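Since the structure comes first, as structure tokens, the remarks are kept for the end.
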Amino acid sequence: IDILKFVRIGRGNTGDESIFSFVHRRFAEYFMAKNMLDNKDVIDLQAIPKDSQLRDALVLYCEIADDETATRIAFFCWEIIKSTNDLQKIEVVHALRFLRDAFKGRKNCLNQFIKQFGIYMKCQLKDDNDILSIKLVVECISLLDNDDFDNNILRALKFNNYWITETAFYSCRNMQNLSKDIMY
């Protein structure tokens, strides 16, 4: 039950008695992802940049797929981001958010391009970029290696914008160790 709660397929409440219920949509996505995994179906990766109804099932699928398949999907997202290179394009927004959601627990699948991704993010954290694009980039900082993570978090904090700062701190929540520079 705790695992089902962790992957947001179920939800519960503790009190005098424990209550558990399935989150309908996540429950359906689980069966879609399990079916994709069991049947080795050809996956429509265009669901990612189009943000179709299949997107959330693909996020869940990336959490349970083998490393090779998950890495291929991550690389597909990176290619969209890199080739378009415009945070104003909705396909890039969806690809970034997909990476954030699907690979927060599988950073190893990003190894092929993680250094380039860190450089890309650093280039986007500039004063002349719009605040929404900056927020989107900051949401994804937790995917980076430690050095790029620290550098980009510090760059984000220099904006002195409450919304960006809050997003930066939220991006730190899964990091085991934060550098002294970030802590001060």
Side-chain angles (χ1 to χ4, degrees), residues 8 43-63 65 67 69-184:
R8 298 181 307 226
I43 299 165
D44 180 16
L45 295 180
Q46 290 304 316
I48 297 168
K50 293 180 181 172
D51 197 34
S52 75
Q53 292 179 340
L54 183 59
R55 178 204 181 274
D56 289 333
L58 282 171
V59 166
L60 191 56
Y61 176 75
C62 285
E63 294 173 3
D67 284 345
T69 303
T71 299
R72 183 175 49 82
I73 295 170
F75 193 73
F76 172 81
C77 292
W78 170 239
E79 285 296 317
I80 290 170
I81 296 163
K82 183 175 70 169
S83 65
T84 307
N85 196 24
D86 183 354
L87 286 169
Q88 300 299 313
K89 300 288 185 186
I90 195 70
E91 299 85 10
V92 174
V93 172
H94 292 317
L96 277 167
R97 288 201 168 137
F98 186 87
L99 283 175
R100 179 200 65 200
D101 294 343
F103 296 98
K104 62 184 170 221
R106 293 189 80 176
K107 293 181 186 182
N108 62 307
C109 295
L110 311 178
N111 286 342
Q112 285 182 0
F113 60 87
I114 197 65
K115 284 296 178 196
Q116 292 173 297
F117 190 51
I119 292 167
Y120 172 82
M121 293 176 75
K122 179 181 175 184
C123 292
Q124 300 303 320
L125 292 173
K126 55 188 178 185
D127 290 328
D128 62 343
N129 211 343
D130 69 281
I131 199 76
L132 189 57
S133 295
I134 292 168
K135 181 187 184 302
L136 177 63
V137 168
V138 173
E139 288 175 359
C140 299
I141 288 177
S142 64
L143 296 172
L144 299 176
D145 291 336
N146 289 344
D147 288 341
D148 285 331
F149 173 83
D150 288 350
N151 291 333
N152 282 308
I153 285 289
L154 291 171
R155 288 175 72 83
L157 294 174
K158 287 180 182 174
F159 282 98
N160 274 337
N161 177 290
Y162 177 79
W163 198 34
I164 299 301
T165 300
E166 180 182 46
T167 304
F169 286 137
Y170 191 71
S171 293
C172 294
R173 75 188 183 288
N174 293 327
M175 297 304 289
Q176 292 178 350
N177 298 314
L178 296 175
S179 73
K180 290 179 183 176
D181 292 333
I182 293 173
M183 295 302 290
Y184 297 107

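Just so you know, these numbers come straight off a predicted model, no measurement behind them.
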Can Phe76 and Gln46 be said to form a side-chain contact (heavy atoms from CB on, under 4.5 Å), step by step? CA-CA 9 Å; Phe76 172 81; Gln46 290 304 316; 3.5 Å; yes
N-O pairing of Asp67 and Arg106 below 4.0 Å: yes
Where is the tightest heavy-atom contact between [X] and [Y], given as atom of each residue plus distance?
X: Ala74; Y: Cys109; answer: CB-O, 3.8 Å
X: Ala95; Y: Ile48; answer: CA-CG2, 4.3 Å
X: Leu58; Y: Ala47; answer: CD1-CB, 3.9 Å
X: Ile153; Y: Ala168; answer: CD1-O, 3.6 Å
X: Lys50; Y: His94; answer: C-CD2, 4.2 Å
X: Glu63; Y: Ala102; answer: CG-O, 4.0 Å

Parallel, tilted or perpendicular, as decided by the 30° and 60° cut-offs, for the rings of Phe117 and Tyr120: parallel
Take a 6.0 Å sphere around NZ of Lys122 and say whether it holds more than 12 heavy atoms from other residues, nucleotides or ligands. no
Check this for me: Lys126, atom NZ, are more than 12 non-hydrogen atoms of other residues, nucleotides or ligands nearer than 6.0 Å? yes
When you compare the side chain of [Y] with that of [X], does any pair of heavy atoms fall below 4.5 Å?
X: Ile141; Y: Tyr170; answer: no
X: Phe98; Y: Val59; answer: yes
X: Leu125; Y: Val138; answer: yes
X: Ile134; Y: Asn161; answer: no
X: Asn108; Y: Phe103; answer: no
X: Trp78; Y: Gln116; answer: yes
X: Leu45; Y: Arg72; answer: yes

Just how far is it from atom [atom1] of [X] to atom [atom2] of [Y], taken to the nearest 0.5 Å?
X: Lys104; Y: Cys62; atom1: NZ; atom2: SG; value: 12.0 Å
X: Ile164; Y: Glu139; atom1: CD1; atom2: CD; value: 9.0 Å
X: Ser83; Y: Glu91; atom1: OG; atom2: CD; value: 9.5 Å
X: Gln124; Y: Asn85; atom1: CD; atom2: CG; value: 6.0 Å
X: Asp101; Y: Leu96; atom1: CG; atom2: CG; value: 11.0 Å
X: Ser133; Y: Asp86; atom1: OG; atom2: CG; value: 8.0 Å

Can you check side-chain contact (heavy atoms from CB on, under 4.5 Å) on Leu144 and Leu110, steps first, answer last? CA-CA 9 Å; Leu144 299 176; Leu110 311 178; over 6 Å; no
Only residue of Leu87, Asp130, Asn129 satisfying side chain to side chain contact (heavy atoms under 4.5 Å, CB included) with Leu136 is Leu87
Would the distance check show the side chain of Asn151 and the main-chain N or O of Asp148 forming a donor-acceptor pair, the cut-off being under 3.5 Å? no
Would you find a donor on one side and an acceptor on the other, under 3.5 Å apart, between the side chain of Lys107 and the backbone of Ser142? yes
